**Student:** 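Attaching a single structure in structure tokens format; questions to follow.
A quick note: this is a predicted structure, and the numbers were derived from the prediction, not measured.
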Amino acid sequence: MPLPLLATLTLAALALGYRLYGGFVARQYALDDATPTPAERHADGVDFVPTKPFYLLGQHFSAIAAAGPIAGPILAAQQFGWLPALLWILFGVVFIGAVHDLSTLVASVRHEGRSIAEVVKATLGPRAGTAMMAFIWVALVYVIVAFTDVTASTFVAGDPELEGLTFDFNPGGAVALASALYLALSVVMGVVERFVRPPLWLQTVVFVPAVLGVVWLGTRYSGALSFDATTWAVLILAYCFVASLTPVWALLQPRGYLGGFVLYLALAIGTVGLFFGGFEVRLPAFKGFPVPGASGLLFPFLFVTIACGACSGFHGLVCSGTTSKQISKESHCHPVGYGAMLLEGFVAVIALATVMIVSSNELAGKPAGTVYGIGLGRFFAVVLGQQHLAFAITFGAMAFSTFVFDTLDVSTRLGRYIVQEMTGLSGRLGGLLGTALTVGVPLGFLLVAQAGSWKSFWTLFGTSNQLLAALSLMGVSVWLKRQGRRYWYTLAPMLFVTAVTLTSLSLQVRDALFADAATAAQRVNGAVAVLLFALAAGLLTTGAKALLEPSPSPAPAR
């Protein structure tokens, strides 16, 4: 299929999904702008801040659009072919992922901006709430493990396509240096904003072009940061520890602002490449069904491998953690919650396109970040010219790493909050211990496993992430039932995703226990899969009992 036709059909499907099914789901919640939202009732200028929908959409989109919808589709296409990956992305985002995001956002807004764990606690009781928090923490640990390992692999990977350039060039080192300078640039912007307070437009004019400047510096001094993957993993986790304890003004806010521009530029570059690049699809559409009983079965591993590209429980943490506290009108939940997930689906399609234009032989041994950098760099070179290919590819891979760092920071912070809440530890000491535990467990996993084991970790990450989405949908379904409202549109995707993820967990436990030569990563995955299965089973049992209770009278229309 020609890429321009593929892009046109994708955009049409997403637009129709937003208009038709998204509109249908939004109507089920009877969104009412006459009802004050938590942002209006509790406005404090810090957490609860009524925000215009256009700006909130951008902020929410940059928070959820991390490395998941990039690495997942690339890995799935390599394993199964691009057609199954594309079909699941489009079906998943319209009927499952966007429904999950909209539903968790509305549920949080209707529960005074509380987190999805607190919504589950209010709906199913304190024990269920505690189990949900424990599940979320384990899922966040695997986010950190998978994203740290794939980024470390990207920082050491090279690419034969860039050989023969007129200067000594280390592709992985270029990405590593550009990413480190990007983080330093964010800190500088945060300090300038804090103590100088220039107008935002002036900061934008200065710092956004500077992002491209650090990419250029990365290509010029690509040998400055040359470490092995294990060293990079330790350094990245050390960054997570420091960043999660750093005031948000010093790093998180400026990095998120600059990262938004990187994301939008990557989207624009991908769109140009799809429509005007003239690239040929070289990857097979379908690679056939694997041998029955072998690991890597199309069902369930296609679905959990694509992960955030179709459905993400992590999004529910963002929806109910920060976004719900900024919704100024209930009707804004539709474009912000449902619409942002569809945009993420398009990010996933662009990532899929970057691997479709590369032959299977060229993909061998390359991590997802490198593949994305190569593909996006080729798209960028359509505009810049082939003589700037090294710069273009470095930008593509650095864009991937910027999304990763945003996710790692947020995940570590959320993990720290959960540890502190569950243990009752507060203050500076509680923050240090909570952060140390949240990054210490991933460090242990990565030191035990062989460097570059991110594909093994990725499968359990995608499984836990989508199972978290299913558990969130279960909590929303019980809440809707007790409100006397229809809930099949949350229950049906919950049942499907639950079947997928529990099957995936079972197979991973089987591989860990009964494989003749199980790797260290498989053994770790097997132990964690048992824990996740037990937590999920308890939550699902509690939820099933609540769903089987007699239904109350239908709620009056608001």
**Student:** Are the side chains of Leu467 and Leu502 in contact, using a 4.5 Å heavy-atom criterion?
**Tutor:**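 Yes, at least one pair of side-chain atoms sits under 4.5 Å.
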**Student:** Would Thr104 and Ser320 count as having a side-chain donor-acceptor pair, cut-off 3.5 Å?
**Tutor:**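 Checked: Thr104/Ser320 side chains show no N/O donor-acceptor pair below 3.5 Å.
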**Student:** Go through the steps for Phe379 and Phe279 under the test ring pair (Phe, Tyr, Trp, His ring centres under 6.0 Å), then give the verdict.
**Tutor:** CA-CA 9 Å; Phe379 289 163; Phe279 293 99; 5.3 Å; yes
**Student:** Using the ring centroid of each side chain, check whether Phe395 and Phe380 are separated by less than 6.0 Å.
**Tutor:**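 Yes, close enough.
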**Student:** Determine the interplanar angle of the Phe496 and Phe303 rings, folded into 0 to 90°, and report it as parallel if under 30°, tilted if 30 to 60°, perpendicular if over 60°.
**Tutor:**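 Judged by the thresholds at 30° and 60°, the geometry between Phe496 and Phe303 is perpendicular.
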**Student:** Does a side-chain heavy-atom distance below 4.5 Å link Leu491 with Leu473?
**Tutor:**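 No; the side chains remain at least 4.5 Å from each other.
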**Student:** Could you grab the distance from atom OH of Tyr182 to atom CG of Leu212, nearest 0.5 Å is fine?
**Tutor:**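 The OH atom of Tyr182 sits 11.5 Å away from the CG atom of Leu212.
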**Student:** Any side-chain to backbone donor/acceptor pair from Ser504 onto Val500? Under 3.5 Å, distance only.
**Tutor:**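 Here the side-chain-to-backbone pair does not exist.
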**Student:** Is Thr231 reaching over with its side chain to a backbone N or O of Phe227, donor-acceptor style, under 3.5 angstrom?
**Tutor:**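 Not at all, since once roles are kept as given, no pair shorter than 3.5 Å links the two residues.
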**Student:** Please check if the distance between the ring centroids of Phe24 and Trp488 is under 6.0 Å.
**Tutor:**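 Yes.
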**Student:** So, does Ser244 use its side chain to make a donor-acceptor pair with the main chain of Phe241 at under 3.5 Å?
**Tutor:**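 At least one qualifying donor-acceptor pair exists.
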**Student:** How about Phe155 and Ser401: do any of their side-chain heavy atoms sit closer than 4.5 Å?
**Tutor:**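 Phe155 reaches Ser401 side chain to side chain.
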**Student:** Can you check whether Thr498's main-chain N or O pairs, donor with acceptor, with Thr501's side chain at less than 3.5 Å?
**Tutor:**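 Flag set: sc Thr501 to bb Thr498 pair under 3.5 Å.
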**Student:** Using modelled atom types and a 3.5 Å cut-off, is there a donor and acceptor pairing between side-chain atoms of Lys287 and backbone atoms of Gln78?
**Tutor:**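 Yes; at least one donor-acceptor contact below 3.5 Å.
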**Student:** Looking at Tyr372 and Ala399, would you say the former's side chain and the latter's main chain have a donor-acceptor pair under 3.5 Å?
**Tutor:**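 Judged by distance alone, no pair lies under 3.5 Å.
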**Student:** Measure the acute angle between the ring planes of Trp458 and Phe147, then classify it against the limits of 30° and 60° as parallel, tilted or perpendicular.
**Tutor:**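 It falls in the parallel class, under 30°.
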**Student:** Does any N or O in the side chain of Gln466 come within less than 3.5 Å of the main-chain N or O of Ala307, such that one atom is a donor and the other an acceptor?
**Tutor:**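 A pair under 3.5 Å: yes.
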**Student:** Is a side-chain donor-acceptor pair under 3.5 Å present for Thr148 with Trp232?
**Tutor:**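 Short answer, no.
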**Student:** Backbone N or O of Val94 within a donor-acceptor pair of the Tyr338 side chain at under 3.5 Å?
**Tutor:**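 Judged by distance alone, yes, a pair lies under 3.5 Å.
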**Student:** I need the Phe301 CZ to Phe80 CZ distance, nearest 0.5 Å.
**Tutor:**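 Answer rounded to 0.5 Å: 8.0 Å.
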**Student:** Calculate, to the nearest 0.5 Å, the distance between atoms OG1 and CG belonging to Thr438 and Leu140 respectively.
**Tutor:**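 Here the rounded value is 8.0 Å.
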**Student:** Is there a donor-acceptor contact under 3.5 Å from the side chain of Arg378 to the main chain of Ala392?
**Tutor:**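 No, Arg378 side chain to Ala392 backbone: no donor-acceptor pair under 3.5 Å.
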**Student:** Mark yes or no for whether Asn465, through its side chain, and Gly313, through its backbone, hold a donor-acceptor pair below 3.5 Å.
**Tutor:**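 Confirmed, Asn465 side chain pairs with Gly313 backbone.
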**Student:** What distance separates Leu342 CG from Phe61 CZ, expressed to the nearest 0.5 Å?
**Tutor:**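 Spacing of CG (Leu342) from CZ (Phe61) equals 10.5 Å.
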**Student:** CD/Glu344 to CG/Leu267 distance, rounded to the nearest 0.5 angstrom?
**Tutor:**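 Output value for this atom pair is 10.5 Å.
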**Student:** Nearest 0.5 Å, please: how far is CG in Leu460 from CG in Leu532?
**Tutor:**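 One finds 6.0 Å between CG of Leu532 and CG of Leu460.
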**Student:** Decide ring pair (Phe, Tyr, Trp, His ring centres under 6.0 Å) for Phe461 and Phe457; before the verdict, give the C-alpha distance in whole Å, the side-chain angles of both, and the deciding distance to 0.1 Å.
**Tutor:** CA-CA 6 Å; Phe461 149 69; Phe457 290 127; over 10 Å; no
**Student:** Is there side-chain contact between Pro493 and His100, with heavy atoms separated by less than 4.5 Å?
**Tutor:**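 Counting from C-beta outward, Pro493 and His100 never come under 4.5 Å.
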